[in-house]
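We name chains A, B, ... by the order of the sequence lines, and we start the count at 1 in each one.
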Number of protein chains: 2
Amino acid sequence: MARRTAEEAEQTRQAIAAAAKQLFIQQGYQATSMEQIRESSGMSKGSIYYHFKSKEQLFMYLLELNMVDWIYKCTERFKLASNATEKLYAIAHHFAHDFENPLMQASMEFSGTKGADPEVIEKIVEMSKFPLPLILDVIKEGIQQKEFAEDDPEGLALLLYSVLGGLGMIQFDNYSLEELEFIHRKAIDVFLNGIRA
Amino acid sequence: MARRTAEEAEQTRQAIAAAAKQLFIQQGYQATSMEQIRESSGMSKGSIYYHFKSKEQLFMYLLELNMVDWIYKCTERFKLASNATEKLYAIAHHFAHDFENPLMQASMEFSGTKGADPEVIEKIVEMSKFPLPLILDVIKEGIQQKEFAEDDPEGLALLLYSVLGGLGMIQFDNYSLEELEFIHRKAIDVFLNGIRA
DNA sequence: GACTATACTGACCGATCGTTCTAATAATGG
DNA sequence: CCATTATTAGAACGATCGGTCAGTATAGTC
């Protein structure tokens, strides 16, 4: 079998991407082999390299997709929030539910890969910070609206990002989604309490 | 050259451990090869495997050493603190200065390794949470002494651990030690403000 | 229906992985 | 001083890595 229609080809591409994404999340970048991706996707080695020119590029593709999706969903949630405080809760909620974002873990691990293209590494490090500007904007808004006390917005943003990022990185295998959500909400509670005007 | 005195052998062992530690911190577990450790330590493959029976065991050895050292230093700092609040600052200070603790990153990455002994994985996951009990104790103390508001200590401990852990995991390549310390101090400021009695 | 570009296969590549093995040497115990 | 054993070196192992390539089959084009 060979030469599918363009539509079928796109399905193949997505099947590979989906399998790769799951494996990268479960095992990290280095621990996932192209052979595993081949097996899991049901496609052939050649097909994978037809659609993606390297493991690095495949990973990058997934990261970009994930980032766009993350930002989109987050701004969607923002529409329902009437002030900065609610937006912070929205972000926390988003982090808690973000079973896709574990790609962040993989992307941090990626940086250490030997022989990796330095350009790609820098790009990925850069990309891994994508939620920061969003958080920063909300905090600036909160300060401007007198919801939060006057303070260094950049520092606070970095702080909140670390909290949520840190929460996401800890091994929560034995926590339910409800518990996860609770912890993230509590994080915002304490944080808000700490910066309240 | 061969057969050194027991003392020299111990030096060899430590040289290997030191080289490995640095590499694991810089590159992570999987990205660090035994060949690199050999090159960096200046010893031979055979010597490495004479002292450590596998890469896994070498890593475990470093983790345990690191954990013991961490806890010791931390309890030392606690002696200078007169209340729970100061102890929290001490912990933050310790996290900020902890250029050794990045092993935590490597240990989280390790979990994903294929073919890794499940027993070892569980042991490492367990070990990676070692600062939690310490933090928990301090928070309990703070609540009991009415420094902090009545609240769920476990939740707060997990939260603070995530903050500090998260701060440690973010790529801070372009931050100075002063800035690092400042950020960690700020984290405690906000946290304390958020839980103050 | 001939031709071409596209989509895919699977065998194969050299490099590198963690690990093992043998041999050589020197400190140690008798 | 001899036998033993602890400690090192470094060649070699099989497995697996990411990646390539020649070949094949079909959808689209004329």
Heavy-atom contacts, protein to nucleotides 10-21 of chain C, under 4.0 Å, summarised as B (base), S (sugar-phosphate only) or - (none) per nt, yield B------SSBB-
Check nucleotides 3-6 of chain C against the protein and report each pair of N or O atoms closer than 3.5 Å, with its distance, or say if there are none.
residue : atom : partner : partner atom : Å
C/dT6   : O4'  : A/Arg3  : NH2          : 3.4
C/dT6   : O2   : A/Arg3  : NE           : 3.0

[X]: ring pair (Phe, Tyr, Trp, His ring centres under 6.0 Å) partners, not counting sequence neighbours:
| X | value |
| --- | --- |
| B/Tyr89 | none |
| B/Tyr49 | none |
| A/Phe59 | A/Phe24, A/Tyr29, A/Phe110 |
| A/Tyr50 | none |

Would you kindly give the [atom1]-to-[atom2] distance between [X] and [N], to the nearest whole Å?
| X | N | atom1 | atom2 | value |
| --- | --- | --- | --- | --- |
| A/Ile48 | D/dT20 | CD1 | P | 13 Å |
| B/Arg38 | D/dT8 | CZ | C1' | 13 Å |
| A/Glu8 | D/dA27 | CD | C1' | 10 Å |

Would you check if the side chain of B/Arg13 reaches a backbone N or O of B/His51 as a donor-acceptor pair within less than 3.5 Å?
yes
Any ion pair linking [Y] and [X] (charged N to carboxylate O, less than 4.0 Å)?
| X | Y | answer |
| --- | --- | --- |
| A/Glu35 | A/Arg38 | yes |
| A/Glu126 | A/Lys129 | no |
| B/Asp151 | A/Lys186 | yes |

Establish, with yes or no, whether the OP1 or OP2 oxygen of C/dA7 is under 4.0 angstrom from a side-chain nitrogen or oxygen of A/Thr12.
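Indeed not, no polar side-chain atom of A/Thr12 lies that close.
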Within less than 4.0 Å of OP1 or OP2 of C/dC8, is there a side-chain N or O belonging to A/His51?
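True: A/His51 side-chain N/O within range (under 4.0 Å) of C/dC8 OP1/OP2.
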